[in-house]
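Here is the structure we will look at, set down as structure tokens.
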Amino acid sequence: MGFNTMIVIDHVSKQFQQRDGNRFKAIDDVSITIKEGEFVSLLGPSGCGKSTILNLIAGFDRQYEGTIGVNGESIKTPGPDRVVVFQEHGLFPWLTVLENVAFGLKQQGVGKKERLERAREQIRYVHLGKFADRYPHELSGGMKQRAAIARALIMNPKILLMDEPFAALDEQTRLVLHKELEDIWMRTGKTILFITHNIREAVMLSDRVLVMSTRPGTIKKEFTVQAARPRDSADPLIHHVERSVMDCLADEMEKVIKEEMDDDNYSFKKNDFHNRDISDMGGGI
Amino acid sequence: MILVTWEAAYRLIGWESWKFPSLFQTVESFYSGFVHGQLLDAIYNSLRRLFIAFAISLSIGMVLGLMFAKFKAVDDTIGFLVIALQTVPSIAWLPFAIIWFGFNDVSVIFITALGATWTMSIATRTGIKNIPPIYLRAAQTLGTGNGWRMFTQILIPGAFPHLMTGVRVSWAFAWRALVAGELIANGAGLGQLLQDGRGLGDTALMLNVVIIIAVLGTLSDHFCFKKLEDRLLVRYGLESNSKS
Ligand SMILES: Nc1ncnc2c1ncn2[C@@H]1O[C@H](COP(=O)(O)OP(=O)(O)O)[C@@H](O)[C@H]1O
Ligand SMILES: [Mg+2]
């Protein structure tokens, strides 16, 4: 792991113009520093502003207050130095897996023969060798995400921005992909910003977990996970951090539930939270 | 079956041939029309105009549609106008076209292209607007930028299902406008041949032309566009044989 800072988000706020004309503060005064080669998760309930932050770093949205620096430069447009992997994979349905993975190289003007060769190699790397010539709709959810990861990795980006990439997958597939992602990260040393609403996922994968609170979105607390790599889900250290994160989030959950259920008398006890062992704040509730 | 009824009805009712031709007259006229090159000539001329007009309307329509999709100001002004214009049958512009261009090919091509252009531009606009934003973002993050490469590699293929429908509808419009235009304006073609047939009282010729129009229209739609469209929809996973 290097010691250079890779991403610096300094006192950034973002407001959306709502349809009724009012302004809605999605994130408020967020400051994050991510070092080169670090694996950082942004964790929080749906709607807390995680994607908003990622979209700003990606360069999709340039209207915000504060400053964002990537590798020492301010961001102007989206670009292949910080490729985004989306929850809904975003593979182009009119291209085969091979063509999808080669797409970024084509934009860089790499010749057809070379880019297809390199794409095949990258596809084998994510264990999709047999499916290179399929169209995206012919793949399972997990295979699509692998293809999307291959499409990002082939650009050899310094930074990988992942917006709930595994949220739509079933549990088994997700566990497999956790292993693969950790493996890729350990081999390539990329800086990864990983967004999730799943506590276990965040703790298992990350060096650091940034817990967000909602409305407006702010960074509430930061947890460092010093467990050994490759991670072992039985590691007591992991469990310990997971529990601390849950405690931290319980208040937040209560706030969200009250708001969504429109009921001020509803009480969400911390004990309940532990007993039910809810680690998924998104679809679970 | 239809053919037998036709000939039988013809004999029973005893229509005179200047109102409606008999089967034999029609077949004979068809044959001689081909032998004398009259029909082939007309088909060739009509198709030539059609293809020119179609090429024009596809290019202009797609560029217009792109503008509508990308610039709200254009959409609110010209886009609105186009929707209004689309409801006007192309043939209604023929008198204007004749004043502007005279009784010639240009007038016919103009009105043939007109209706198809509006349809194509609206289909392109809808197609582009319906592309899931995630594709645009994925492309940008992989370095397409926001210009020509985005247009050719993402917007066009992303809008393809809508574009294909637009092409089919435009083709049908163009085909209709063409025959109507040829009927009135000058120049060798199927519409003109129809008019000639009327002048000569040659109902067999007229019927042949109608049949040719129907056959060409069906063939082109069914074997070109429909096949292509079905293939593409399967490939895009919109209408898949193997549902995932
Ligand atoms: N384009 C937008 N216009 C208006 N409000 C938005 C827009 N995008 C997101 N929001 C709002 O900002 C908040 C944060 O959204 P988001 O960052 O997508 O949350 P998360 O990714 O954490 O689920 C939500 O309340 C959402 O409704
Ligand atoms: Mg999100």
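The structure displayed is predicted, hence computed values, not measured ones. A note on names: the letters A, B, ... follow the listed sequences, proteins ahead of strands, and every chain is numbered from 1.
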Note to self: What's the separation between atom OG in B:S57 and atom CG in B:L114, rounded to the nearest 0.5 Å?
What the structure shows: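 The OG atom of B:S57 sits 9.5 Å away from the CG atom of B:L114.
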
Note to self: Distance check, rounded to the nearest 0.5 Å: A:E171 atom CD versus A:E201 atom CD?
What the structure shows: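 These two atoms lie 9.0 Å from each other.
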
Is it true that [X] and [Y] have a side-chain N and a carboxylate O under 4.0 angstrom from each other?
| X | Y | answer |
| --- | --- | --- |
| B:E182 | B:R49 | yes |
| A:R146 | A:E180 | yes |
| A:R187 | A:D183 | yes |

Check: Would A:W94 and B:Y135 count as a close aromatic pair, with their ring centres under 6.0 Å?
Finding: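 Yes.
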
Margin query: Evaluate A:Q17 against A:R23 for side chain to side chain donor-acceptor pair (under 3.5 Å), listing each step before the verdict.
Written below: CA-CA 5 Å; A:Q17 189 79 46; A:R23 298 180 76 77; 2.7 Å; yes

Is chain B contacted by the side chain of [X], its backbone, both, or neither, given a heavy-atom distance below 4.5 Å?
| X | answer |
| --- | --- |
| A:I154 | neither |
| A:N55 | side chain |
| A:R151 | both |

Next item on the list: Please flag which part of B:R137 lies under 4.5 Å from any non-hydrogen atom of chain A: side chain, backbone, both or neither.
Entry: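 Contact with chain A involves both backbone and side-chain atoms of B:R137.
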
Item checked: Heavy-atom contact with chain A under 4.5 Å, split by part of B:L136 ->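 For B:L136, there is no contact with chain A at all, as no heavy atom is under 4.5 Å.
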
Next item on the list: Look at B:G143, B:P157, B:P132 and state which one has the largest set of heavy-atom pairs under 4.5 Å with chain A.
Entry: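 Of the candidates given, the most pairs with chain A belong to B:P157.
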
Any idea which of [options] has the most non-hydrogen atom pairs under 4.5 angstrom with chain B?
| options | result |
| --- | --- |
| A:K106, A:Q108, A:R82 | A:K106 |
| A:G104, A:A152, A:G79 | A:G79 |
| A:G59, A:A148, A:S140, A:P80 | A:P80 |

